[in-house]
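In what follows, a structure is listed as structure tokens, so that the remarks can point back to it.
Numbers here simply count residues along the sequence, with the first being 1. As the structure lists them, so they are numbered: ligands from 1, and atoms in each ligand from 1.
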Amino acid sequence: MIDLRSDTVTRPSPEMLGCMVNAETGDDVYGEDPTVVRLEALAARMTGKEAGLFVTSGTQGNLLALLSHCERGDEYIAGSQAHTYRFEGGGAAVLGGIQPQPLPFNERGELPIEDIHAAIKPDDFHFAKTRLVCLENTMAGKVLSMDYLAEFSDFADQHELAKHLDGARVFNASVKLGIPVSDITKYFDSISICLSKGLAAPLGSVLVGTQALIDRARRWRKMVGGGMRQAGVVAAAGIYALDNNVERLAEDHARASVFAEGVSQLSTLSVTPPETNMVMVHTDQDRFADLRKYLGERAVKISSPRLVFHRDIDDSEVQTLIDLFRSFDQDV
Ligand SMILES: *Cc1c(COP(=O)(O)O)cnc(C)c1O
């Protein structure tokens, strides 16, 4: 089975499972799980932030960030296709009374500075208070440019807006650019990082930021039921992932490129060359439905036109995929 639906589908390796079995644990709600404490400190150190908080999922990390930056009646600006706006069940509005202000991303995955500027509400009781801007990096597999991040950060600071990064795949961005992740995270007040995607841990995310922000987030985490007890058994997988699975993201990027190159000459569908681990397929809806069925009958899972490469896909499977796409293309 080759599963291209997401990089969330990876299974923990034997080495990672070994770390989990041997993890030192304690009750983390009392702050007594040494492995969780170690993971939080490691994530904070790598991203150049004061503190970290181990959370159940990326959605929880983003939610706690929004709740910790904003108050009831505040507003956050996010992309209209951003996870923080579109794919998190409206949690910030439901639980925090925080209003989203969605804006379209441009083709580079950026929120244009002038669009953010135009969306900031005047200080007037008719309006929600614009408090925070969220970016996403990578955004649909695209890496935000360092020039844009610098400009974005200056702008937000000038307007006293807090800056949150949905960094579910921020290590894909840093590996692609060949820079430490802290060069990216320095432009944000808080960052949520998924351990369960390309980093291949079974679950969990880390939220990082200032100590004060993380203290607020810890309180919210308890409220939404995210206070976990001997969580060191899963935090150990996160430490393993940060220690061992960051640089290898380059292999996923390379395989995505090899695949995209291999199917670049087809007549009934086209693909966008990937910046990181995602290849977008372009074809009409009917043809896509046929493709999904064709692949499904041949032990390849896809769900959307976004094909995601990850640790559990090897070179020979990339070749299998290229061959299958070519034979599908000829089978009009
Ligand atoms: C997966 C993802 C999340 C949320 O992660 P979950 O662990 O699935 O809740 C947030 N943002 C982006 C961009 C993601 O891809």
Taking all heavy atoms of [X] and all of [Y], pick out the closest pair and write down the distance.
X: Ser80; Y: Pro104; value: OG-CA, 3.4 Å
X: Cys134; Y: Tyr76; value: SG-CD1, 4.0 Å
X: Val206; Y: Leu195; value: CG2-CD1, 3.8 Å

Quick one: nearest non-hydrogen protein atom to [atom], plus distance?
atom: atom 9 (O) of ligand 1; answer: Thr59 OG1, 2.6 Å
atom: atom 7 (O) of ligand 1; answer: Gly58 N, 2.8 Å
atom: atom 1 (C) of ligand 1; answer: Lys197 NZ, 1.2 Å
atom: atom 11 (N) of ligand 1; answer: Asp166 OD2, 2.6 Å

**Report entry** Subset of ligand 1 atoms that lie under 4.0 Å from at least one heavy atom of Asn62
**Finding:** 10 (C)

Counting only heavy atoms closer than 4.0 Å, does ligand 1 sit against the backbone of [X], its side chain, both, or neither?
X: Ser57; result: both
X: Glu88; result: side chain
X: Met139; result: neither
X: Thr84; result: neither

Query - Option whose closest heavy atom lies nearest to atom 13 (C) of ligand 1, chosen from Glu136, Arg169, Arg86 - result: Glu136

Query - Pair Arg229 + Asp27, salt bridge at N-O below 4.0 Å - result: yes

Report task. Tell me, yes or no, whether the heavy-atom count around Arg86 atom CZ, taken from other residues, nucleotides or ligands under 6.0 Å, exceeds 12. Result -> no

Report task. Give a yes/no verdict on a cation-pi contact between Arg221 and Phe54, requiring under 6.0 Å between NZ or CZ and the six-membered ring centre and an angle within 45° of the axis. Result -> no

Query raised in the report: Can you find a non-hydrogen atom of Cys194 under 4.0 Å from ligand 1?
Result: yes

Query - Geometric class of the Phe155/His117 ring pair [parallel <30°, tilted 30-60°, perpendicular >60°] - result: perpendicular

Report task. Please name the residue in the list Lys197, Arg169, Arg255 that meets the salt bridge (charged side-chain N to carboxylate O under 4.0 Å, His left out) test with Asp7. Result -> Arg169

